[in-house]
Structures are given as structure tokens and as C-alpha cells.
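The analysis underlying the following values was restricted to heavy atoms, covering all of them including side chains, and did not include hydrogens, waters or symmetry mates. All chains are named by letter (A, B, ...) in the order of the sequence lines, taking the proteins before the strands, and each is independently numbered beginning at 1.
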Amino acid sequence: MNIHTYEKTWLAVSMVLIVGFIATVTYGAVGPGIAMIDDDGGSIDPDTINDDERFNDPGVTHVGENEYEAAVVAQAWTYTPSEITVPANSTVTFYVTSRDVTHSFTVAGTNVNTMVVPGQISEMTVEFDEPGEYGILCNEYCGAYHHTMEGKLNVVPQDEFDLTELSTDASDEAQLGNQTTINTTVSNDMNYDLETTATLEIGDQQSLEQDVTVPAHGSETVEFAVDTTDLGTGDHDWTVTVDGHEESDTLTVTNATEGGDGDA
Amino acid sequence: MAMRNAYIDQFPKEARVIRAILWSSFLALTIGGTLGLIQGLHRTNVLRFIPSQDYYTVLTAHGVLLVITFTIFFLVGIFTWAVTTSLDRGVKDIRFTWGWYAIMMIGTLLVGVSILGGVVDQIPMNADVLYTFYSPFQAHPAFYVGFVLFVVGTWLAGFDWFRTWWAWKKDNPDERIPLPTFMALTTMLFWYLSSIGVAISILAFLLPWSLGIIDSVNPLLTRTLFWFFGHPVVYFWLMPAYMLWYTMLPKLSGGKLFSDPLARVVFVLFLILSTPVGIHHQYLDPGIAEGFKFIAMTNTMFLLLPSLLTAFTVVASMEHGARQRGGKGYLSWLKALPWRDPAFTGMALAGLMFAAGGFSGMINAGLSINYLVHNSWWVVGHFHLTVGTAAALTFMAASYWFIPQLTGKEIWNRSLGLVQVVLWFIGMTFMSNAMHRAGLFGMPRRTAEPQYQGFDFEPAVGTVAEIDAQVALGAALLTLSVYLFITNMVLTTIGGSTSDAIPDNTYAGTLSGPEDAPVIIDNLKLWTSIAVVLVIIAYSLPLASIIDAGGLFGPGIDPWKPSVVADPSLVLESVRGVMP
Amino acid sequence: MSSAIEKGVDGKHPTNETDQVRELDHDEYDPIGTAILVGIYFLILVALWIFMYFVEFLGNGPTVTGVLLTVVGLA
Ligand code: HEM
Ligand SMILES: [Cu+2]
Ligand SMILES: [Cu+2]
């Protein structure tokens with residue numbers, strides 16, 4: 001074959017280029033430790049998502065010192081949860097799956113980006129060093145309202161972060177002289193026990209306090225007994241505060257004779 | 001006047017078929033280009049006159065009409081020219097040629113009507129599935145049937161060329177395969193190999209599923225089978241352009257092809273390497289091990305080699321022309337090239353844009369960097385440079401040479417042709433550059449309204465508004481360019497006058513001819529076997545593990561018919577319904 | 001450049017063989033201009049690759065990382 005010297009040189013230069021590209025990508029894996037989405041997440045039958053331990057209550061869980069897991073379910077045209085909050089200086093492993101068609105889970109303006117294929121679980125581990133707010137978007141066509149599919153990722157300073165949630169069970173009304181209770185369930189998704197104090201403020205005078213220990217990945221209910229006699233009839237705003245989280249509502253105390261009518 | 005010896009004089013029957021084929025192609029380009037303008041204006045919020053839900057019907061049509069209909073019709077037309085011209089013999093039976101063209105047309109119509117059903121209520125069909133038709137989206141069966149018919153038509157076209165070659169070989173047992181025929185045949189071989197993927201995907205899974213014969217599919221499997229075909233198809237678009245760069249551009253430049261043997265090597269490399277790379281479209285897919293992705297990347301990177309070699313050979317052939325035309329100096333020979341000829345200038349500009357598209361393709365090929373660009377507008381910028389310019393502009397430019405060959409008529413207005421190709425270049429510079437930049441800050445592709453409620457994009461340089469403006473301007477110039485092209489072609493065909501001055505139907509001579517190439521290069525069986533082995537190596541394990549994990553027919557995947565659900569608030573209700 | 005070269009013999013087609021002012025065969029022709037052009041292209045490719053990988057990509061964190069090096073994990 002009769003190949004010109006210049007062209008032979010170009011062939012050699014081209015090979016250098018190709019090998020250089022492959023070498024760069026290999027460096028990316030070995031140096032900064034970039035890993036590709038792969039089959040580690042495993043597969044799942046989309047019909048069983050609600051029974052799946054990880055996805056039946058999607059969201060963020062604390063799994064190690066600075067390590068978290070975030071389970072996300074994508075479906076036309078939302079993410080559940082649609083807002084994800086994690087602390088800075090943490091390592092978060094995302095598990096994302098789809099209930100219906102193919103979507104993506106893409107954190108705009110970052111390199112966090114994966115396809116979400118029904119039947120598959122995309123697993124990816126990301127280190128978040130700095131606090132910041134990011135948009136999440138779907139970059140794979142997923143039907144007529146694909147362009148409305150978005151979410152939010154908040155990376156907050158570590159001292160502003162916890163995984164405490166409150167839910168309160170209390171009646172709206174009580175008869176004067178009776179006792180009523182305000183029950184607050186404190187859940188803790190960190191993997192250590194939460195030792196804290198729950199406070200109830202009601203009306204102008206009463207302030208009750210209770211110490212509570214919520215086990216890791218568990219919950220605990222705090223029961224506040226409220227004496228309506230001290231409050232008197234009328235509307236009383238109350239607030240339960242645990243670990244910086246608040247729940248509030250109003251208790252109406254009525255006269256025993258007036259029945260259900262709350263007006264004094 | 002000397003005897004005219006244009007293609008229409010040599011092969012009048014074939015010229016008729018090729019004319020019909022090219023017209024089908026041009027029609028697809030005109031409609032597709034118009035839809036492109038609608039998209040460009042809609043996304044950027046410059047002008048929105050369709051509801052955003054219909055955007056996806058438009059986008060499906062744009063994708064299918066341009067990268068399937070326009071490009072592949074042009075390919076089968078030009079390959080028919082290449083084979084008959086270079087073997088100097090007509091096809092065996094012209095009825096067969098009309099036959100495969102008719103099959104491709106029927107396929108196109110079925111696909112077209114089912115897509116149209118997405119916006120026309122009277123048509124009870126829907127195929128808003130984009131040209132990738134990922135399951136569990138389910139199109140109307142007519143869409144799948146049409147797609148298969150179209151592909152079968154191309155298979156028969158390939159058979160037509162093969163048997164013309166076999167007949168020629170009987171008469172010329174010791175001759176080398178003429179270069180244009182060699183290119184057409186090697187291209188068809190990898191097309192046969194790779195279209196098996198999409199054929200299995202449709203015939204074994206999607207079509208029976210859309211007919212209700214099976215009730216679930218494995219989305220990752222059909223997706224992988226699509227990309228088994230989906231990367232080679234990009235070379236299928238590109239190979240006719242390469243053939244024109246190798247066999248026409250040197251001649252239009254006034255020179256000869258620098259090296260016939262290297263041109264053959266290049267096509268052999270494409271035959272071998274085009275298929276075992278499709279997984280590079282799935283770098284961010286779950287369910288495929290990283291090792292398989294790495295292998296796909298390695299193959300892809302080596303696939304750069306034939307394109308880089310092409311860059312050298314083609315530019316050297318142009319330089320040869322320029323120097324024969326009196327060009328001098330290190331680079332001032334560039335001025336001696338025939339820049340007033342729209343066929344030359346269009347192809348040369350297409351090649352230049354391909355050099356830029358080649359760069360963004362190198363980025364796309366890089367495994368980890370895909371996190372940055374995957375499914376972003378960067379990718380759309382990339383392929384408008386490759387298929388959307390390297391192929392499309394080359395085809396339009398070549399038409400300024402071919403249409404006179406096929407009709408015996410002069411081009412209606414050659415200067416307008418020059419304006420047209422330059423306009424394309426300018427329009428595409430705006431549009432694709434802005435798309436690339438938008439991709440880098442995360443703007444997604446395939447999205448009717450990439451404006452979000454909860455956040456804004458933050459370009460490092462420039463603004464979103466400025467990028468949108470460039471896209472809209474570029475799209476307008478491009479569409480204008482398409483209209484100038486089609487006007488010129490129509491007026492040439494219906495208004496133009498028959499001329500005796502049409503140049504002879506010839507292609508470029510060579511500086512280093514086939515006699516310099518080892519005979520083994522023409523051994524198509526050998527290269528095909530190697531290609532098959534590489535495909536088996538690259539695909540058998542990934543396919544096995546996908547089937548192993550998700551089952552041949554998937555884990556209970558329900559079909560999703562695109563526009564059944566019309567209102568997102570209804571869907572949000574149903575979301576609340578299913579969430580525990 | 002004469003207009004004959006620009007326009008070709010019939011004044012319409014750049015039928016290029018006729019524009020030829022000399023004949024160059026394989027041995028007389030060194031594509032030095034091509035070598036320069038592809039050389040420039042090579043430099044652009046290398047520079048842009050480095051920019052894209054190390055600035056645009058690695059500078060665009062957070063990025064997906066892994067503890068295990070599975071790049072050659074096929075083995
Ligand atoms: C008038 C010229 C053209 C204009 C204005 C145009 C415009 C566009 C725009 C704005 C998009 C982006 C849609 C999105 O991501 O949401 C797009 C997508 C696309 N264009 Fe073009 N385009 C033109 C010509 C072409 C040509 C000539 C080809 C190929 C031969 C082509 C192939 C494609 C493909 C394959 C897509 C992607 C479809 C998909 O994502 O499913 N376009 N075009
Ligand atoms: Cu989507
Ligand atoms: Cu590809």
C-alpha cells in the first residue's frame with residue numbers, strides 16, 4: 001500500500017489522540033473516583049414499588065456517620081419526594097426508580113444525572129461538600145407534560161440539618177373541666193438516638209416540658225395532658241416544639257352545658 | 001454540440017426511480033425543516049402557537065422525517081447512482097427497484113399517518129413516541145409496521161445492489177470492486193447486521209405487545225436493541241456523505257482522490273466497528289455493568305480513526321485540486337478552490353462543520369463526561385452538525401450536481417444555490433453553538449418548555465435569553481435555507497430547460513488507485529465475519545444480563561399510550577392515589 | 001485568477017477538469033497544506049478536550065463517585 005508519509009504521521013497522531021482520550025477517562029475513574037451508573041441498584045417490578053422497603057416511604061435516611069440514602073420514585077410527571085434535603089459534607093446514595101415510563105433524575109448544573117428506566121433501580125453515590133440549592137429535572141421525554149417534571153435538592157449546612165419529623169394528634173375541642181391530651185409523635189430517621197425535650201405552650205400561662213428519647217430510625221410519642229380548668233373557656237392556641245420543629249393548632253374549650261358549640 | 005453523457009442519458013430508467021426517491025427525500029426535508037422552526041421558536045418562547053403537549057408530536061415527526069425519511073431516501077437514491085455508474089451497468093430488473101421504493105413509501109406513509117394522529121383527532125392513532133420509541137411508550141401498531149416496512153425496503157435495495165455487483169463480477173472476475181460500489185456494499189453490510197437489532201425489538205416485542213399478543217416488555221431490553229441499531233444508523237446517514245466526499249468532492253475541486261486504498265480501509269473500519277458501540281448511548285442507563293460501557297467506549301474511540309483518516313484524505317484531495325488549478329503556498333491554495341460552485345462549497349462547509357461536530361462527538365464518546373452532557377441540548381447541537389449538516393448539507397449540495405444529471409436540466413439558479421448553502425452554514429453556526437452551550441449548564445433536550453418553576457439555569461458565560469435568541473435566529477435562517485433549496489429544485493424540475501451542457505456522469509479519479517490496495521481489502525466476507533464476532537463479544541454478555549435481571553418480557557410493565565392522559569392535574573390525583 | 005478558471009468553459013459549470021492549469025501526479029504532490037490544517041485541528045482537539053474534561057466536567061461537581069474501581073470490572 002502506498003501511503004504518503006504525512007498521512008502515516010496523521011495516523012500515528014490520531015492513535016495518540018484516541019489513546020489519550022481513553023487514558024483521560026481511566027484517570028477520571030482512578031483519580032477523582034468517578035463511577036458510572038451500573039447494575040448495582042438491581043431490578044424491581046414497578047407494580048411492587050409500594051411494597052418495597054426502600055420505596056414505600058421514599059426520602060432521605062441516615063445510614064452512617066456522614067452517609068445518607070435518598071430513595072426517589074419518578075413517575076409522570078413528578079418525583080416523590082419532590083424536595084430533597086441533605087446536609088453539606090455528606091455522602092448521599094440515591095436510589096431512583098420509575099413507576100411508569102423512562103425518566104431521568106438530573107440535578108441541573110451538576111454532574112448528577114441518571115436515566116430512570118422502569119424495572120431498574122439507578123444507584124449513584126454523590127458527595128456534597130458545600131451547601132447549595134439545585135433544581136432537579138427530567139431530561140427524558142416521558143409524555144405530554146414532560147416539561148413540567150421537576151424537583152428540588154437542598155444541601156443545607158450540617159447544623160441546620162436533621163431528620164426529625166413531628167406529627168400531632170389532638171382534639172380540637174374539650175369541655176371545661178375535662179382533661180384532654182395532645183399527642184406528638186416524633187420520628188427520627190438518623191441512625192442514632194435523639195435525646196431532646198418536647199415543649200408544649202398553650203394559652204397564656206401553661207408551658208409543659210417532657211424529656212424524650214427517640215430511637216434511631218424509630219419514633220416516640222409524647223403525651224401532654226392539658227387541664228382545661230386552668231385554661232378556661234375560649235380558643236387557645238398551642239405549639240409543640242421538639243428539636244426546633246414546631247406543630248401548632250387551636251384548642252377550643254367549651255362550657256359543659258353548651259355542648260359542641262365553641263363560642264363563649 | 002457533443003453527445004451529452006449525463007446519467008439520464010446512460011441510465012434513463014434508473015434515473016426515473018432515483019428522481020422519485022430524491023423527491024420523497026426532499027419533501028421530508030421541507031416538512032421536517034418547517035417543524036424544526038416550530039420547535040426552535042416554541043422552546044425558546046419566542047413564538048408559541050401550538051399547545052406544549054403537541055410539541056412532542058411535532059418533535060416525533062421532525063426526528064422521523066429527517067433522520068429516517070430524508071436521509072435514508074437520499075441514501076438509497078445515491079447508492080443506486082453509485083452502483084450503476086461505477087459498475088457501468090443498470091440494475092437487473094427495474095421493477096424490483098420500483099418495488100423496494102414502493103415498500104419504503106408505504107412504510108413512510110404508515111408511520112406518517114400514525115404520527116399525525118397525535119394532532120388530528122379524526123385519525124384514531126397515536127405515535128407520540130419520538131423516533132426512539134422507548135417502551136413502555138406504546139405507539140399504534142401501524143407505526144411499528146411502517147417502520148419495519150421501511151427497513152425491509154432498504155434491505156431489498158441492498159439486495160438490488162448486491163446482485164448488480166454479482167452480475168458484474170461474473171463478467172469482470174479479476175477486477176477490483178469500483179470504489180463507489182465498494183462503499184455502498186460495505187455500508188449495506190453493517191446496515192444488515194445492525195438493523196437486526198431494531199427488527200427483533202419491533203417484531204419480537206413491540207409489535208406483538210401493541211397488538212395485545214404479549215402484555216409486557218422489558219424496557220431496558222428494547223432500549224438496548226434500539227441502540228444496537230441506533231448508533232450504526234448514524235453511520236448509515238453519514239456514509240453517503242463520506243462517499244460523496246471521497247468520490248465527488250475531489251473532482252469538484254479539480255483534483256483526484258488522494259488515496260483509494262485508504263478510502264477502502266476507512267469503509268472496512270466502519271463495517272467492523274459501527275455496531276459494537278451502541279451501548280455508548282446508554283452510559284447513564286442502570287442495569288448495564290460499567291465494564292460493558294468501558295468496552296463500548298474503547299470501540300467508539302477507535303471508530304474515530306476512520307473519520308480522522310477521512311479528514312486527511314479528503315482535504316488532501318481538495319488541496320490536490322486547488323494546486324492543479326494553480327493554487328500555491330502553504331494555505332493560500334484554499335483560494336484557488338471553486339467557491340462559486342454550490343456543490344463544492346456546500347460539501348466543503350459540511351465537512352468543516354463535521355470537524356466541529358466530530359469534536360463534540362469525542363466528548364459524547366467519553367464515558368464519565370457523559371454525566372455532564374447526556375440528554376442535554378449539547379447532544380442536539382452535536383447531531384445537527386453531524387447528521388443535520390455533514391449529511392444534510394452534503395446531500396443538498398450534491399443535489400446541485402445530481403439533479404441536472406437526473407433530469408438533463410440546468411439548475412434554475414446556481415447563485416441562489418450558493419446563497420442557500422452558505423445560509424445553512426451561518427444558521428447552523430448560530431443554532432448549534434447555542435445548543436452546545438445550553439447543554440453545558442444543564443438545559444435538557446426534548447422539552448417543550450425548558451423554563452422551570454423552582455429554579456433557573458445559570459450559564460457561566462452569557463445569558464439564557466441570548467442563547468434562546470441565537471437558537472431562534474439560527475432556526476429561521478436554516479428554514480429559509482431549506483425553502484430556497486426546495487424552490488430551486490422545483491423550478492429546475494418543472495421550469496428548467498433541457499440542456500446539452502450537462503457535464504458527463506463521472507466521479508473522481510485517483511492519485512493512488514485500487515491497484516495499490518492489497519486484494520484482501522475487497523474480501524467482504526472476511527470483514528463481515530470479523531464484524532459479527534465483535535458484535536457477539538460486545539453484546540452477548542450485556543444482553544444476557546439484562547434478560548437475566550428483567551426477564552425477556554420484563555417485570556410486569558404496563559403499556560403507556562402517549563396522549564391518553566390529557567391533564568396533569570388528573571395525573572397528580574392518581575399519583576396521590578398510588579402513593580402509600 | 002482568470003474568469004475562464006472561475007466559470008469553466010461553458011460559462012456556467014465549473015467543470016473542473018477544464019480549469020486545470022497543470023497536472024500533478026502522486027509523486028509530485030505533497031499535501032503540505034493538508035498536513036498544516038489537520039495539525040491545527042489536532043491542537044484544537046487536544047486543547048478543547050482538556051478544557052472540557054478538566055474544567056467544564058470536573059469543575060462542575062458534585063459528581064457521581066464510587067468507592068470501588070469497577071472500570072475494568074468485567075474481569
Ligand atoms: C430547518 C432546519 C432545522 C431546524 C430549525 C431544527 C431544529 C431542531 C430543534 C430546535 C430541535 C430540538 C428539539 C428538542 O430538543 O426539544 C431538533 C431536534 C432534532 N433534529 Fe432538527 N432541526 C433542523 C434540521 C434537522 C436536520 C436536517 C436533521 C437531520 C437530518 C435534524 C434532526 C433532528 C433530530 C434527530 C432531532 C432530535 C429529535 C428527538 O429528540 O427525538 N434536524 N431540531
Ligand atoms: Cu420527562
Ligand atoms: Cu452513537
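With a threshold of 4.5 angstrom between heavy atoms, B:E458 does not approach chain A through any atom at all. In this structure, chain A has a heavy atom under 4.5 Å from the side chain of B:M297, while its backbone stays farther away. If you measure heavy-atom distances from B:I288 to chain A, the contacts under 4.5 Å come from the backbone alone. Only the backbone of B:F441 comes within less than 4.5 Å of a heavy atom in chain A; its side chain stays farther off. B:S135 touches chain A through its backbone: at least one of N, CA, C or O sits under 4.5 Å from a heavy atom, while the side chain does not. Of the two parts of B:S52, the backbone and the side chain both hold a non-hydrogen atom closer than 4.5 Å to a non-hydrogen atom of chain A. Looking at B:Q453, the atoms closer than 4.5 Å to chain A (heavy atoms on both sides) sit in the backbone and in the side chain alike.
For an aromatic pair to be called close, the ring centres must be under 6.0 Å apart, and A:Y68 with A:F161 satisfies this.
Of the residues considered (A:K152, A:M15, A:H4), A:M15 shows the highest number of contacts with chain B, using heavy-atom pairs under 4.5 Å. Taking B:S376, B:G442, B:A549, B:G550 one by one and counting their heavy-atom pairs under 4.5 Å with chain A, the maximum is reached by B:A549. Taking chain A as the reference chain and counting heavy-atom pairs below 4.5 Å, the highest number among B:Y55, B:Y283, B:F312, B:Y134 is found for B:F312. Heavy-atom pairs under 4.5 Å with chain A were tallied for B:Q451, B:R445, B:R446; the largest tally goes to B:R446. The candidate from B:P444, B:P286, B:A311 with the greatest count of non-hydrogen atom pairs under 4.5 Å with chain A is B:P286.
The number of heavy-atom neighbours closer than 6.0 Å to CG of A:D129, taken from other residues, nucleotides and ligands shown, is above 12.
A side chain to side chain contact (heavy atoms under 4.5 Å, CB included) with A:T85 is found for exactly one of A:L163, A:V60, A:V156, namely A:V156.
When the salt bridge (charged side-chain N to carboxylate O under 4.0 Å, His left out) test is applied to A:E150, no partner is found at least two apart in sequence or on another chain. Residues satisfying the ring pair (Phe, Tyr, Trp, His ring centres under 6.0 Å) test with B:F455, not counting sequence neighbours, are B:Y452, B:F457.
At distances below 3.5 Å, at least one donor-acceptor pair connects side-chain atoms of A:N191 with backbone N or O atoms of A:V63.
Here the side chains of A:T91 and A:E67 are in contact, with some heavy-atom distance below 4.5 Å.
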